Number of protein chains: 2
Amino acid sequence: MNIAAQATTHHGIREAIRARIVGGEWDLGELIPGEAEFAAQYSCSRSTVNRALQALAHEGIVERKRKGGTRVRPLQLPQARLRIPIIREEVQSAGQTYSHRIMRRERQLPPGDVAQRMHLPDDHELIHLQTLHLAGGEPFAFERRWVDPVTVPDFEEADLTAISANEWLIRMVPFSRGEASLLAVSADAELAQMLKVAPGEALFTMERTTWFEERSVTFTRLHYAPGYRLNFSL
Amino acid sequence: MNIAAQATTHHGIREAIRARIVGGEWDLGELIPGEAEFAAQYSCSRSTVNRALQALAHEGIVERKRKGGTRVRPLQLPQARLRIPIIREEVQSAGQTYSHRIMRRERQLPPGDVAQRMHLPDDHELIHLQTLHLAGGEPFAFERRWVDPVTVPDFEEADLTAISANEWLIRMVPFSRGEASLLAVSADAELAQMLKVAPGEALFTMERTTWFEERSVTFTRLHYAPGYRLNFSL
DNA sequence: GAGTGGTCTAGACCACGGT
DNA sequence: CCGTGGTCTAGACCACTCA
């Protein structure tokens, strides 16, 4: 069984070393050979081995320290790259037609928890936007979004019929940093009505705060209709 | 404001180029200079630029093609690294004491959906394990797990009182590929009793299937007590 | 102090893929 | 065809950190 064509490419060497680690050649936490040693074993230069080992370190398979050498990571923490989906693409890639309806759009004081997550004082007015995302005409997700008009002054006049707020912001505001949470909530009366489900239904929910150079841009709380799954691979 | 000490390290050059992309020097989808050009601009070797651009490509900021050059990725998809938490560490890092109780352990035919997710025939017996994870004596998460005894023959006699099944498997089946899903479910009667919540409560749930060389190892469905959030940064 | 990883360089060859 | 990125090499210097 031929897992990876190797050759002396850093890819090949990375996979070869990975296979040896997986195969149990070294115990968890144990020191593995140095770069020079591997270079000799695979008849390649130390740089190539360096790249291979750096990649494994980046994946969390090994831990490296100067002078300390490279060791197999004691607890293999599974780490995954999670793609934050863009709703339109998500719907369309499932073969459904995407549309959205703006249910509400107004300037108002945010609830305390929202102000807190955006690191803003309680008396700072925000633009509040409620959007229903539809897949094939059926509710797919309901979004409550708050946008700071100080950071994004153009947002108030933006035309959001053709392009959703999410994509508008991505396009106009160079994104810098953000925090996100995933959780489950029970549908309240408004959510139940919007998504056409029974009150109390369990809804998969994503909260996101994004920042541009220490200024809060937007906070969104996105509730998916029941049945939704966020899939990824380990 | 000094965002990144640069120098001519690939880090520094990566951040410098990132800043120029974020700053809007090139449009979305536009071709940016070639490696040689950047090397001249930053007075460094092409290899260094190559590493920097490869890193940006790995992050999804740019797209590269031989002969096609490097271009700014049309849709900046926020991509995050999600650490799949190990429950014990998660509890302990919150300052609580961790413990677990095995509620059930038996060999049986799995439900159809479980067999399907593990790519197994319906008549393949699995070990079924139910574990309650506690934080400070209170229910924290409830886990239903199925393990394939063909792939992991030692599991049936494993002592799971000191070490949880999750950690036992990580230790004995060092590396594996897997798929995972996140979703929200309503507590059924059994879940409600286990987690001491009202039936119908929304529970944040993670499903995971892991594989070792084309053989299914285990499938788990993990339900967190209400209030749980999975946090990460973008 | 000495060993290990981290990095840079300059030159070289190759593979892919638009023109 | 030929320009672009992908990679390798050999040698070199540096920085961290353990003994």
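Lettering of chains follows the sequences in order, A, B, ..., and the numbering in each one begins at 1. Just so we're clear, the structure is a prediction, and the values are computed from it rather than from any experiment.
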Let me have the donor-acceptor pairs involving side chains of residues 22-29 of chain B, under 3.5 Å, with sequence neighbours excluded, atom names and distances please.
unit_1: B:Glu25; atom_1: OE1; unit_2: B:Arg20; atom_2: NE; d: 2.9
unit_1: B:Glu25; atom_1: OE2; unit_2: B:Arg20; atom_2: NE; d: 3.4
unit_1: B:Glu25; atom_1: OE2; unit_2: B:Arg20; atom_2: NH2; d: 2.7

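Nucleotides of DNA chain C that come within less than 4.0 Å of any heavy atom of chain A span, from the 5' end to the 3' end, C:dG3 to C:dT7.
Side-chain atoms of A:Leu230 and B:Leu183, non-hydrogen and from C-beta on, never get closer than 4.5 Å to each other. A 4.5 Å side-chain heavy-atom check between B:Arg71 and B:Glu30 finds every atom pair outside the cut-off.
Among residues two or more places apart in sequence or in another chain, the side chain to side chain contact (heavy atoms under 4.5 Å, CB included) test is passed with B:Ala40 by none. In this structure, A:Thr131 has no side chain to side chain donor-acceptor pair (under 3.5 Å) partners at least two apart in sequence or on a different chain.
B:Glu207 and B:Arg221 are joined by a salt bridge, as a carboxylate oxygen and a charged side-chain nitrogen come within less than 4.0 angstrom of each other. The pair B:Glu179-B:Arg117 does not count as a salt bridge, with every side-chain nitrogen at least 4.0 angstrom from each carboxylate oxygen. Between B:Glu35 and B:Arg64, at least one side-chain nitrogen of the basic residue sits less than 4.0 Å from a carboxylate oxygen of the acidic one, meeting the salt-bridge criterion.
Of the two residues contacting DNA chain C, namely A:Thr70 and B:Thr48, the nearest-nucleotide position lying further toward the 5' end is that of A:Thr70.
Checked options B:Val72, B:Val62, B:Thr70; the residue passing with B:Leu56 is B:Val62 (criterion: side-chain contact (heavy atoms from CB on, under 4.5 Å)).
Within 4.0 Å of B:Arg51, counting heavy atoms only, lies no atom of the nucleic acid at all.
Counting heavy-atom neighbours within 6.0 Å of A:Arg101 CZ, excluding the residue itself, gives a total of 12 or less.
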Might you list the N or O atoms of the protein lying below 3.5 Å from N or O atoms in nucleotides 15-19 of chain D, with each pair's distance?
none

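Taking a 4.0 Å limit (strictly below) on heavy-atom distances, residues 29-41 of chain A does not reach DNA chain D anywhere.
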